[in-house]
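Taking it in order: structure first as structure tokens, then the write-up.
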Amino acid sequence: MPLRTNHELLTLAKRGGYAVGAFNTNNLEILQAIVSAGEAEKSPAIIAVSEGAIQYAGLPFIVSMVRTASDQSSIPLSLHLDHGKDLDIIGSCVENGFTSIMIDGSHLKFQENMAITQKVVQIARKKGVSVEAELGRLKGIEEKVSVSEREAFLTDPQAAEEFVKKTEVDALAIAIGTSHGAYKFKGEVNLDFERLKEIAQRIDIPLVLHGASGVPQSVLEKAERFGAKLPGAKGIPDDAIRMAVSLGISKINIDTDLRLSFIGAIREVLTNKPEEFDPRKILGPGREAIRQTVQAKMRLFGSSGKAA
Ligand code: G3H
Ligand code: 13P
Ligand code: ZN
């Protein structure tokens, strides 16, 4: 089926009280793993591609692989630029078949973030492409941090309301204490659900949670058993994800858990079968491990069965 926009996928998710996973891909194997997980779970999925992924694989390869996957697939998929910062790359994505764009101006001052977001909305609207913006910075809440320090990087609900009204974006990524990567908390898990609740009361568009990987113990243990060194890795517990969805998160971004699953499986083959040199016998198990992880996420987010 043809690619959908995030606006379409997330409107349904918000109405249905579930979240759609945005899974990062950089190559054929990761893409196939995400799509086959979606088919097994009858779940929609957002194929997320970062500027780094475009640099790695090349825009034409990304677009044609995702289009082929969507044409062959029975589930709704969108092709989304994750953390777009460069206006030239954003323009190329809009012109070349992406159905959703994220403009990440979260590092800028409020007015500047708003100005660049408005510009991207103007570019994207002409082609019917959805836009996600980000307000607040992704950073774990340290135990010793003061209230004023915390206020400086978490999303301010009142500012978020003004931002959405003035930019007319389709979705907003907010900061409530999650962060990217495998090291999210030094101590206890600390997320500001009260803030999420207040933002959800003020804002009518779908909300997005970045930095949502769980760094599951089983995945971490397997990677470490076969030589990975990831001391202190810690993610967002499943219960916190359920809570976030129940409070109004409609899109959840996952990359780290895919990477960890992939390297665990690959390390296992390389360790147990040192004579193996067929890339398919090495990458295949990596692809299978990602498929299983993505299926578990779809069940956790409540999107399983929503593409039926
Ligand atoms: O949040 C960023 C994603 O994990 C993509 O990471 O920029 O290394 O491709 P990347
Ligand atoms: P994780 O690093 O927690 O997987 O977050 C990914 C993400 O937010 C991509 O935009
Ligand atoms: Zn992100």
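Each ligand, and each atom within it, is numbered from 1 in the order the structure gives. What you are looking at is a predicted structure, and each value in this text was computed from that prediction instead of being measured.
Residue-ligand proximity, Ser50 to ligand 1, at heavy-atom distances under 4.0 Å covers atoms 5 (C), 7 (O), 9 (O), 10 (P). In the vicinity of His83, heavy-atom distances shorter than 4.0 Å reach the ligand 2 atoms 10 (O). Counting the atoms of ligand 2 from 1 in the order shown, those under 4.0 Å from a heavy atom of Ser213 are 1 (P), 3 (O), 4 (O). Listed by number with element, the atoms of ligand 2 under 4.0 angstrom from any heavy atom of His210 are 8 (O), 10 (O). Annotation for ligand 2: atoms under 4.0 Å from non-hydrogen atoms of Asn24 are 9 (C). Near Gly181, meaning under 4.0 Å from one of its heavy atoms, ligand 2 places the atoms 2 (O). Using a 4.0 Å cut-off to heavy atoms of Ile254, the atoms of ligand 2 that qualify are 4 (O).
Looking only at protein heavy atoms, the nearest one to atom 7 (C) of ligand 2 is His180 CD2, 3.3 Å. Closest protein heavy atom to atom 10 (O) of ligand 2: Asp82 OD2, 2.7 Å. Nearest to atom 4 (O) of ligand 1 among the protein's heavy atoms is Asp255 OD2, 2.7 Å. Protein heavy atom nearest atom 3 (O) of ligand 2, with residue, atom name and distance: Lys184 NZ, 2.5 Å. Closest protein heavy atom to atom 2 (O) of ligand 2: Thr256 OG1, 2.6 Å.
The side chain to side chain donor-acceptor pair (under 3.5 Å) test with Asn6 is passed by exactly one of Ser250, Ser78, Ser130: Ser78.
The proximity of His83 to ligand 1, defined as any non-hydrogen pair under 4.0 Å, is limited to the side chain. Here Ala212 has backbone heavy atoms under 4.0 Å from ligand 2, and that is the only part of it that gets that close.
Annotation: His83, atom NE2; neighbour count of heavy atoms from other residues, nucleotides and ligands within 6.0 Å is above 12. Residue Glu162 qualifies as enclosed at atom CD: its count of foreign heavy atoms under 6.0 Å is above 12. The neighbour count for Glu112 CD, taken as heavy atoms of other residues, nucleotides or ligands under 6.0 Å away, is above 12. Within a 6.0 Å radius of CZ in Phe61, other residues, nucleotides and ligands contribute 12 heavy atoms or fewer. For Lys119, the NZ atom sits in a loose shell: 12 or fewer heavy atoms of surrounding residues, nucleotides or ligands are nearer than 6.0 Å.
Salt-bridge annotation for Lys251 and Glu132: present, with a side-chain N of the basic residue lying under 4.0 Å from a carboxylate O of the acidic one.
In terms of hydrophobic clustering, with Ile, Leu, Val, Met, Phe, Trp and Tyr side chains grouped at heavy-atom distances under 4.5 Å, Ile290 and Leu28 are assigned to a common cluster.
The closest side-chain donor-acceptor pair between Glu8 and Thr5 falls under 3.5 angstrom. When only modelled atom types and interatomic distance are considered, Glu288 and Gln292 share a side-chain donor-acceptor pair under 3.5 Å.
At under 3.5 Å, not a single nitrogen or oxygen of Asn24, backbone or side chain, sits near a nitrogen or oxygen of ligand 1. For Arg259, a nitrogen or oxygen atom sits less than 3.5 Å from a nitrogen or oxygen atom of ligand 1, counting backbone and side chain alike.
Under the 30°/60° scheme for interplanar angles, the aromatic rings of His210 and His180 are found to stand perpendicular.
Distances from the Zn ion (ligand 3) to each N, O or S atom of His210 single out ND1 as the nearest.
When rounded to 10 degrees, the angle formed at the Zn ion (ligand 3) by NE2 (His180) and NE2 (His83) equals 100°.
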